[in-house]
Novice: 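After the structure tokens below, expect a handful of questions from me.
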Amino acid sequence: MRIVLLGAPGSGKGTQAKTLMAEKNIPQISTGDMLRAAVSAGSCFGLQAKSTIDAGNLVSDDIMLGVISERLGQPDAQDGFILDGFPRTEQQAFDLSDLLDQLDQPLDAAVLMDVGFDILMKRLTGRRTCSLTGKLLNIYYSSQAELDECLDAGGELIHRLDDNEEVIENRLAVYRRKTEPLVDYFRSRGKLVTVDADGTIDEVYDRFRKVLGMDVGSD
Ligand code: AP5
Ligand code: MG
């Protein structure tokens, strides 16, 4: 399975990708996670990208093409992948199409995680990531038991620097301007499927499986 997850910040791309990755045994390729890892590692490229990410703007298409070309060439991506957060501009979509043509790995679908903008702010301001497991949690939606599981194991609940209201507003505006046009791009190529991403995490995953033709009991 080779899919792209499309959707606004906070629509649940990372949350659903992690579950799908575990079920299908294919990698989640999150460009946001890769960029944050480069920032944490203090690499030259990470330091250059940091101010862009912190402000909620997009890293340049050229840099992202390099990042994704390298990643899709890795052995674990040869049997499928879940692209989470790439492409995000029309140029990135063209670049991905060329790259997948070269690799002879056609895309199966682009899944739009469809959720009203009013819900996103609460999801994003409440998001925390467990420092030990990388699990995505939320101070408004996760149970106390889930939050405690991380803390009791000695982990911390990390609050992303770009998850504050001002930067979130900009990320949503950037999404509308630069990424939303990709909905029509994929639709016109017959690749778009849409998931109603408003509901519990489990409900959304069930819908996700259905649109991808993963009926209960099959793989
Ligand atoms: P990135 O990390 O991709 O951020 P994003 O697109 O803004 O998306 P998020 O990760 O914020 O949201 P998500 O949809 O994954 O939601 P999640 O599952 O976590 O990118 C960050 C930055 O990196 C960009 O701003 C840019 O600077 C740069 N970048 C990355 N890719 C780039 C590219 N291709 N080109 C250029 N620059 C790039 O869920 C959010 C919260 O909601 C969590 O707390 C979760 O627990 C909760 N939640 C999820 N689903 C539900 C549900 N159904 N019910 C209740 N709560 C839920
Ligand atoms: Mg994410």
Side-chain angles (χ1 to χ4, degrees), residues 4-20 28-37 39-40 49-59 64 82-89 92 110-131 133-151 155-184 186 192-208 211:
V4 161
L5 297 189
L6 262 185
S11 57
K13 302 181 296 293
T15 302
Q16 300 299 335
K18 285 183 198 310
T19 312
L20 189 62
Q28 170 205 14
I29 299 180
S30 160
T31 42
D33 287 349
M34 291 166 78
L35 291 169
R36 282 184 291 278
V39 171
S40 297
K50 185 177 179 347
S51 58
T52 305
I53 298 167
D54 288 351
N57 294 318
L58 296 183
V59 174
M64 295 316 301
I82 306 158
L83 283 179
D84 164 4
F86 185 96
R88 271 163 128 98
T89 65
Q92 291 182 13
V111 184
L112 173 63
M113 312 281 298
D114 189 22
V115 57
F117 269 56
D118 47 329
I119 297 174
L120 301 173
M121 185 61 79
K122 188 170 176 187
R123 284 196 187 172
L124 290 169
T125 52
R127 173 169 49 195
R128 301 291 185 273
T129 310
C130 179
S131 62
T133 61
K135 186 170 180 183
L136 291 165
L137 297 163
N138 196 291
I139 56 170
Y140 302 119
Y141 298 107
S142 301
S143 66
Q144 192 58 47
E146 281 181 295
L147 298 169
D148 285 345
E149 190 182 348
C150 176
L151 295 170
E156 284 174 58
L157 299 175
I158 297 171
H159 190 182
R160 265 171 55 175
L161 272 179
D162 59 347
D163 276 347
N164 66 74
E165 282 196 30
E166 195 187 332
V167 177
I168 292 168
E169 295 284 2
N170 186 44
R171 286 162 58 202
L172 294 174
V174 169
Y175 173 79
R176 281 195 167 117
R177 205 167 59 245
K178 302 252 178 89
T179 309
E180 219 164 42
L182 298 187
V183 174
D184 281 340
F186 284 113
L192 189 79
V193 293
T194 302
V195 168
D196 174 2
D198 183 3
T200 67
I201 290 171
D202 289 347
E203 283 167 352
V204 175
Y205 190 64
D206 282 346
R207 293 173 196 150
F208 208 83
V211 300

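Values reported hereafter were calculated over all heavy atoms of this structure, with side chains retained and with hydrogens, waters and symmetry mates removed.
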Novice: Please report the interatomic distance CD(Gln144) to CG(Leu151), rounded to the nearest 0.5 Å.
Specialist: 8.0 Å
Novice: Out of curiosity, Leu20 CG to Thr15 OG1, how far, rounded to the nearest 0.5 Å?
Specialist: 12.5 Å
Novice: Which value, rounded to the nearest 0.5 Å, describes the distance between Thr125 atom OG1 and Asn138 atom CG?
Specialist: 7.5 Å
Novice: Let me have the donor-acceptor pairs involving side chains of residues 115-123, under 3.5 Å, with sequence neighbours excluded, atom names and distances please.
Specialist:
unit_1: Arg123; atom_1: NH1; unit_2: Gly10; atom_2: O; d: 3.1
unit_1: Arg123; atom_1: NH1; unit_2: Ser11; atom_2: O; d: 3.3
unit_1: Arg123; atom_1: NH2; unit_2: Ala197; atom_2: O; d: 2.9

Novice: For the CG atom of Asp202 and the CD atom of Gln16, what is their distance to the nearest 0.5 Å?
Specialist: 8.5 Å
Novice: Do the non-hydrogen side-chain atoms of Leu161 and Lys50 ever get within less than 4.5 Å of each other?
Specialist: yes
Novice: Side chains of Phe86 and Ile29, heavy atoms from C-beta outward: is any pair under 4.5 Å?
Specialist: no
Novice: Do you know which two heavy atoms are closest between Leu172 and Pro9, and how far apart they sit?
Specialist: CD2-CD, 3.9 Å
Novice: What I'd like to find out is whether the side chain of Val4 reaches to under 4.5 Å of the side chain of Pro87, using heavy atoms alone.
Specialist: yes
Novice: Identify the heavy atoms of Ser131 and Ile158 that sit nearest to each other, and give their distance.
Specialist: CB-CD1, 3.6 Å
Novice: What is the distance from atom CG of Asp84 to atom CG of Asp33, rounded to the nearest 0.5 Å?
Specialist: 7.0 Å
Novice: Measure the spacing between CG of Leu6 and CE of Met113 and express it to the nearest 0.5 Å.
Specialist: 10.5 Å
Novice: Salt bridge check: are Arg171 and Asp163 linked by an N-O gap of less than 4.0 Å?
Specialist: yes
Novice: Considering all heavy atoms of both residues, which atom of Gly85 and which atom of Thr31 are nearest to each other, and what is their separation?
Specialist: O-OG1, 3.0 Å
Novice: Between Gln92 (side chain) and Arg88 (backbone), is there a donor-acceptor pair under 3.5 Å?
Specialist: yes
Novice: Check Leu137 against Cys130 and note the closest heavy-atom contact, atom names and distance.
Specialist: CD1-CB, 4.2 Å
Novice: Got a sec, which residues hit side-chain hydrogen bond (donor to acceptor under 3.5 Å, both in side chains) with Asp184, two or more places apart in sequence or on another chain?
Specialist: Arg187
Novice: Please check if atom CD in Glu156 has more than 12 non-hydrogen atoms from other residues, nucleotides or ligands closer than 6.0 Å.
Specialist: no
Novice: On a heavy-atom basis, which atom in Asp196 and which in Arg207 lie closest, and how many Å separate them?
Specialist: O-NH1, 2.6 Å
Novice: Determine whether a donor-acceptor pair (N or O, by modelled atom type, separation under 3.5 Å) exists between the side chain of Lys135 and the backbone of Leu147.
Specialist: no
Novice: Check Asp114, Val204, Leu112 against Val195 for a side-chain contact (heavy atoms from CB on, under 4.5 Å) and give me the one that passes.
Specialist: Val204
